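Reckoned from all heavy atoms, side chains included, excluding hydrogens, waters and symmetry mates. By convention in this document, chain letters (A, B, ...) are assigned in the order of the sequence lines, proteins followed by strands, and residues within each chain are numbered from 1. What you see is a predicted model, and the numbers here were worked out from it, not measured in a lab.
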2 protein chains.
Amino acid sequence: MARVTMAVVAKEAGVSKSTVSQFLNGRFEYMGEDTRKKIDEAIKKLGYQPNYLARSLKQKRTSMIGVIVGNIMHRLSTEVSRSIEDYCHEHNMQAIICNADDNPEKEKKYIEVLRAKQVDGLIIFPTGQNVELYKSMIEEGYPVVFMDRKVDGLKVNSVLAANIEATAESMRHLISNGHKRIAIATQPLSTSPRVDRLHGYKQALNEASLPVRAEYMVHADIKKMKQELDKLICLQEPPTALFAGNDLVFLEVLEFLKEKRIKIGRDIALVVFDNIPFAHLVETPVTTIAQPGYEMGQKAAEVLLQQIKEDTQGFHEYVFPCELVIRESSQKIDE
Amino acid sequence: MARVTMAVVAKEAGVSKSTVSQFLNGRFEYMGEDTRKKIDEAIKKLGYQPNYLARSLKQKRTSMIGVIVGNIMHRLSTEVSRSIEDYCHEHNMQAIICNADDNPEKEKKYIEVLRAKQVDGLIIFPTGQNVELYKSMIEEGYPVVFMDRKVDGLKVNSVLAANIEATAESMRHLISNGHKRIAIATQPLSTSPRVDRLHGYKQALNEASLPVRAEYMVHADIKKMKQELDKLICLQEPPTALFAGNDLVFLEVLEFLKEKRIKIGRDIALVVFDNIPFAHLVETPVTTIAQPGYEMGQKAAEVLLQQIKEDTQGFHEYVFPCELVIRESSQKIDE
DNA sequence: TTGTAGGCGTTATCAG
DNA sequence: CTGATAACGCCTACAA
């Protein structure tokens, strides 16, 4: 093991620990050329590696931040994590990515463990269930940034997608292509993006004076999604278009339609919220709403590092517009 | 900030620091019921959170391991990371995932930083370019496990997929379906899995007494993949089947074929190494070779934690068989 | 059963 | 320019 500590280097070089420390931290302003050289040689000879742990203990910063992702299975999570990691790497920080798996207990444990490990700040995709814990962190002045999901009543910096607007835009697109019977499928309405997307859905229908029909709104767990979709197409007046609330829902929809031999674009129009890496590679390329995951990650990291550096907090929502990428799946259907 | 330390708790409870420490570490065997209660109350009242950093410094273990992934864009990387994280979570460890991005410099930096942070061990998808560094770690007795790729001449535990065998099996499958002209497309032969897959490819051709033709073996960067594929199909005798060396290559192949309107399964047969989450959802479902990423991750984590606990090392190759999942893309082609 | 003292490997302060 | 010395927050003998 790396039994070689600063004291050993100091002895080898014939100087004191403090001098070695100076050297390591690049303060050679007032350092003799020879001392410098001696230390340099000693370090190389012994293969000395500084112990960041000890340094962190002393300095009270670890140069690490924690990222608690809601559910790593989402494409957005991966993109955002990647982005945050890149940003950290450029700024000599380290990101620790944890997966709460949509489980508030896990989220809580991760928050506690990461804080015990003294990470300098946290970026959280909040499950929304640990409000008291969030609140206490924020009140303490601990640096936190929320990502993707908002939680009511918290004064915290948040990075969000423009869910309502993007959904409404995609709906207007479908409506302008002649669709009047449009369904929406999402997971249960337990997080703000899902609620907002539903909101955008209704808003666009209202604008167009189309009815909002309860039987067209499906909010089910992924495992039960297919059977709910089945009910949808068995309706007396089945929808002619479907809005899939995110990438996981989309996969279910795709499998379902494939099993039922319902052809996208011909039998039913489709729009998906979330960028799907292979959306253009399926039989009928799929219209998607692309969230700028990379940019969102960069912004979150930037804001967090700012908070850490300046020891401040903020209460701002950074809302990112999304892009509607129109492909064949949402073309006009001739009935 | 969490200004409340053990000393503060001790004062609040009217005991000494060591007693509090005992309490925290679950040694209440010889502890008075009342002392115990007082400490418990003090902790709750003050909202005390132990500082793992200080503990780690003393104990010389951080309960963290580092995972350096070759390139996070591969599906396997994601699966394996996820698996390692799960295993760690169950064993009260923390995994720090880093992405070397196929860049030896980055890999080196990560190894150094992680070790400076005193992580207890490392799981590495080696780029293969930092042999000296690997060697010195191993000689030091530092716990390391290699994943996915092997590096010659190193006595280190490794977790690998049975690349040669799986590739050969898939080739035999194609050959038995009547294919004689089979091409292979991989990224440059800089890592062992690519070399091994090529090996399996040649082996199967030899077994079947089919010629190994240089013009059917493409090894190109992802960015240049399409133009190489183009050369392939422009050959006088173009291949009737293609083996795609991994998921990234597959995406290029898919795009290429789509652009050229070459229909998979009808115009060309296809087999892909790597599980592709949507392989069954494209127009012609794709035959894949599935690596047991989850199991591989579990094994690597298990082996590493073992090494850490017992302060031993090992030199064993854990080779995992892969599964050939036959779908339409590799059906017999009638010419 | 509880307290005291020393140390883990750094950094910060302040003399010299 | 360099070197003592005291923290940082916790753990571990050993003493009481």
Output all residues satisfying ring pair (Phe, Tyr, Trp, His ring centres under 6.0 Å) with B:Y110, sequence neighbours left out; order by chain, then residue number. A:H89

Closest nucleotide of DNA chain C for B:T19 versus for A:M6: which of these residues is on the 5' side? B:T19

Which whole-number value in Å describes the distance from B:F23 CZ to D:dT12 P? 17 Å

Of all heavy-atom pairs linking A:I96 and B:Q94, the shortest is CG2-NE2, 3.7 Å

Between B:E140 and B:R115, does any side-chain N to carboxylate O distance fall below 4.0 Å? yes

Is the side chain of B:N157 donor-acceptor paired with the backbone N or O of B:V303 at a distance under 3.5 Å, no angle test? no

As a test of understanding, state which of B:L114, B:L304, B:I84 forms a side-chain contact (heavy atoms from CB on, under 4.5 Å) with B:V67. B:I84

Identify whether any heavy atom of B:Y48 sits under 4.0 Å from a base atom; if not, whether one sits that close to sugar-phosphate; answer base, sugar-phosphate or nothing. sugar-phosphate

Between P on D:dA13 and CG on B:N25, what's the gap in Å once rounded to a whole number? 12 Å

Quick one: is C:dT10 close enough that its OP1 or OP2 comes under 4.0 Å of any side-chain N or O from A:S21? no

Could you tell me whether B:V20 contacts a base, only the sugar-phosphate backbone, or nothing, with contacts defined as non-hydrogen atoms closer than 4.0 Å? nothing

Atom-to-atom span, CG of A:L24 to P of C:dA12 - whole angstrom: 12 Å

Could you say whether A:R55 or B:S16 is positioned toward the 5' end of DNA chain C, judged by the nucleotide with the nearest heavy atom to each? B:S16

With a 4.0 Å cut-off on N to O distance, would you call B:R75 and B:E79 a salt bridge? yes

Is it the case that the side chains of B:T19 and B:S16 hold a donor-acceptor pair, with the cut-off being a distance below 3.5 Å and no angle test? yes

Report all side-chain donor-acceptor pairs from residues 116-127 of chain B shorter than 3.5 Å, counting only partners two or more places apart or in another chain.
unit_1: B:D120; atom_1: OD1; unit_2: B:T62; atom_2: N; d: 3.0
unit_1: B:D120; atom_1: OD1; unit_2: B:T62; atom_2: OG1; d: 3.3
unit_1: B:D120; atom_1: OD2; unit_2: B:T62; atom_2: N; d: 3.4
unit_1: B:D120; atom_1: OD2; unit_2: B:S63; atom_2: N; d: 2.8
unit_1: B:T127; atom_1: OG1; unit_2: B:E107; atom_2: OE1; d: 2.5
unit_1: B:T127; atom_1: OG1; unit_2: B:Q129; atom_2: N; d: 3.3
unit_1: B:T127; atom_1: OG1; unit_2: B:Y134; atom_2: OH; d: 3.4

Is the NZ or CZ atom of A:R82 both under 6.0 Å from the centre of the six-membered ring of A:Y294 and within 45° of that ring's axis? no

Calculate the interatomic distance between A:K11 atom NZ and C:dG9 atom P; express it in whole Å. 13 Å

Whole-Å distance separating the OH atom of B:Y52 from the P atom of D:dC11: 10 Å

Does A:T5 put a side-chain nitrogen or oxygen below 4.0 Å from OP1 or OP2 of C:dT10? yes

Hey, what are the protein-to-nucleotides 14-16 of chain D N/O distances that come in under 3.5 Å?
none

Give the ring-plane orientation class for A:H91 versus A:Y87, where under 30° counts as parallel, over 60° as perpendicular and anything between as tilted. parallel

Over its full length, what angle do the end axes of the helix from C:dT1-D:dA16 to C:dG16-D:dC1 make, each axis taken from five pairs and the result rounded to 10 degrees? 40°

Distance to the ring centre below 6.0 angstrom and angle to the axis at most 45 degrees; does that hold for A:R36 and A:F23? no

Quick test of your reading of the model: are A:K38 and A:D34 salt-bridged, counting only N-O distances below 4.0 Å? no

Heavy atom of residues 34-47 of chain B under 4.0 Å from DNA chain D: which residues? none

May I ask you to verify if any side-chain N or O of A:N51 is less than 4.0 angstrom from the OP1 or OP2 atom of C:dC8? no

salt_bridge(A:K44, A:E41) N-O dist < 4.0 Å: no

Output for pair (B:T78 OG1, A:I72 CD1), nearest 0.5 Å, gives 8.5 Å

Dump every N/O contact between nucleotides 5-8 of chain D and the protein below 3.5 Å, one line per pair.
unit_1: D:dA7; atom_1: N3; unit_2: A:K58; atom_2: NZ; d: 2.7
unit_1: D:dC8; atom_1: O3'; unit_2: A:K60; atom_2: NZ; d: 3.4

